[in-house]
Amino acid sequence: MKQVRTVFMGTPKIAKTLLENILQAGISIDLVVTQPDRKVGRKQQVVYSPVKECALDNAIPVFQPQKIKEDFDPILKIQPDLIITCAYGQIVPDEVLNAPRFGCVNLHGSLLPKYRGAAPIQRAVWNQDKESGMSLMKMVSEMDAGPVFSEERILLDEEETTSSLFDKMADAASRLLIRDFDKICREDASYTEQDKTLVTYAKKISKDDEKIDLSRSDQEIFAQIRALSLEPGGYVFIKKRKFKILEAHYHDQSISNPLSFLGKYKNGYGLALHNGVLEIVRCQMEGKPVVSGSDFANGQGRSLIDMTCE
């Protein structure tokens, strides 16, 4: 088959893994489009997106528009045959969608039409779904509404976190695209329209979502923590300070003082819920660095034993 001029659009780790894998499989990328560099921390250090790091490592040209709806000419100048997107982070304008002869395809982290939107992977964990998956779809103007070419289903573990599911999704996305790339470029792909009556949306994780709702059942609390693990992390308040629970396990156990800290517990730090105990594996007190639950138990956590959180 003739060389396919391909543009890759993506930003976070999941997209970087996909890009690495397709490059290793021999798929050539002529241009990478990713979000602008960010300044983080007190020193305002410039940080590249994971996808940009991969592109630079592989000597691929990088384009980083602030607003792609207003700045997309470098993409059109490539005269792409195909555009691949995965977690890019901006709405792609019609001028770009209509440019490549083989169209634009997107790797979306749900079994469409369930969980269109910004946070399908997080919401699958939060809602305690038993199954999710990756969809390879054609992009259209309406968000995540395009027809689906293929999908791969993924079973979720009882302690699945957003971080672990992202890794599984990245691997699934890579398998789908590598397997179906030639069919797409031969225009031999058979797409299935989504059933509009089954559409659900996965809204973006907000700052309000990060506050752990301690009025919920133990399993709902644990699901919220797992959905926010390892980033951005769910938190409770203790002494009017945020205490982030970044990673935890849950254990059934009789409780005498619900919603109180227990001190050292198994291999971490214990927080009693309603009908069991969270074994906190990784945590962060406001204004302090991230530490293991064990280190917290041996340090600042000793002063919190029997204190109630909210």
Side-chain angles (χ1 to χ4, degrees), residues 12-14 16-17 38 40-42 47 50 87 109 118-129 156-170 202 204-251 253 259-274 276-305 307-310:
K13 180 184 174 184
I14 184 174
K16 177 184 180 181
T17 300
R38 297 182 298 116
V40 299
R42 294 179 180 178
V47 175
I121 296 174
Q122 293 93 327
R123 296 299 174 184
V125 175
W126 195 314
N127 294 336
Q128 303 178 65
D129 291 355
L156 275 63
D157 298 334
E158 289 185 358
E159 292 203 342
E160 197 80 64
T161 66
T162 286
S163 293
S164 64
L165 187 52
F166 260 109
D167 289 342
K168 293 178 181 179
M169 289 286 191
K204 183 179 179 179
I205 298 296
S206 68
K207 290 293 184 182
D208 291 341
D209 287 328
E210 296 173 27
K211 173 69 168 67
I212 298 170
D213 187 352
L214 296 173
S215 70
R216 311 294 291 184
S217 71
D218 285 14
Q219 290 307 314
E220 289 171 320
I221 292 170
F222 186 40
Q224 182 182 0
I225 290 168
R226 291 186 287 111
L228 299 170
S229 177
L230 297 165
E231 294 179 356
Y235 67 86
V236 297
F237 280 109
I238 180 73
K239 293 184 175 182
K240 297 183 179 181
R241 297 172 67 190
K242 287 183 181 179
F243 176 69
K244 280 193 174 186
I245 302 173
L246 301 173
E247 186 177 1
H249 303 298
Y250 178 78
H251 304 274
Q253 184 176 317
L259 307 183
S260 65
F261 291 107
L262 305 177
K264 188 167 180 61
Y265 181 84
K266 296 187 181 292
N267 295 315
Y269 190 69
L271 171 60
L273 297 182
H274 303 287
V277 175
L278 277 179
E279 176 194 353
I280 299 171
V281 177
R282 196 176 307 185
C283 57
Q284 182 181 26
M285 182 62 80
E286 186 174 353
K288 300 291 184 179
V290 174
V291 296
S292 70
S294 178
D295 286 347
F296 188 79
N298 293 327
Q300 189 176 3
R302 289 180 295 183
S303 64
L304 302 181
I305 295 173
M307 285 191 180
T308 302
C309 63
E310 59 183 30

Participant: Quick one: does D129's side chain have a donor or acceptor within less than 3.5 Å of a partner on V125's backbone?
Facilitator: no
Participant: Tell me which donor-acceptor pairs under 3.5 Å the side chains of residues 219-233 have, and how far apart each pair is, sequence neighbours excluded?
Facilitator:
from : atom 1 : to   : atom 2 : distance (Å)
E220 : OE1    : R216 : NE     : 3.4
E220 : OE1    : S217 : N      : 3.0
E220 : OE1    : S217 : OG     : 3.1
E220 : OE2    : R216 : NH2    : 3.0
Q224 : OE1    : D213 : N      : 3.1
Q224 : NE2    : D209 : O      : 2.8
Q224 : NE2    : K211 : O      : 2.9
R226 : NH1    : E160 : O      : 2.7
S229 : OG     : L246 : O      : 2.5

Participant: Using residues 284-293 as the side-chain source, report each donor-acceptor pair under 3.5 Å to any protein atom, sequence neighbours left out, with the distance given to one decimal.
Facilitator:
from : atom 1 : to   : atom 2 : distance (Å)
Q284 : NE2    : K288 : O      : 2.9
E286 : OE1    : K242 : N      : 2.8
S292 : OG     : D295 : N      : 3.0
S292 : OG     : D295 : OD2    : 3.3

Participant: So, does R123 use its side chain to make a donor-acceptor pair with the main chain of A119 at under 3.5 Å?
Facilitator: no
Participant: Ignoring hydrogens, what is the shortest heavy-atom contact between I212 and G234? Give both atom names and the distance.
Facilitator: CD1-C, 3.6 Å
Participant: CZ of R241: more than 12 outside heavy atoms within 6.0 angstrom?
Facilitator: yes
Participant: Considering non-hydrogen atoms only, spot the tightest contact between F261 and I238 and give its length.
Facilitator: CE1-CD1, 3.7 Å
Participant: For Y265, check side chain to side chain donor-acceptor pair (under 3.5 Å) against everything at least two apart and list the hits.
Facilitator: Q253
Participant: Got a sec, which residues hit side chain to side chain donor-acceptor pair (under 3.5 Å) with S163, two or more places apart in sequence or on another chain?
Facilitator: none
Participant: Decide yes or no on side-chain contact (heavy atoms from CB on, under 4.5 Å) for C309 and F237, but give the supporting numbers first.
Facilitator: CA-CA 6 Å; C309 63; F237 280 109; over 6 Å; no
Participant: For D157, enumerate each residue passing the side chain to side chain donor-acceptor pair (under 3.5 Å) test, keeping only those at least two apart in sequence or located in another chain.
Facilitator: K168
Participant: Write down the atom of G301, the atom of Y269, and the distance for their closest heavy-atom approach.
Facilitator: O-OH, 2.6 Å
Participant: Please state whether the rings of F243 and F296 are parallel, tilted or perpendicular, taking 30° and 60° as the class boundaries.
Facilitator: tilted
Participant: My understanding is that only residues two or more places apart in sequence, or in another chain, count here; which of them pass side chain to side chain donor-acceptor pair (under 3.5 Å) with H274?
Facilitator: none
Participant: So with a 6.0 Å cut-off around CG of N127, is the heavy-atom count from everything else above 12?
Facilitator: yes
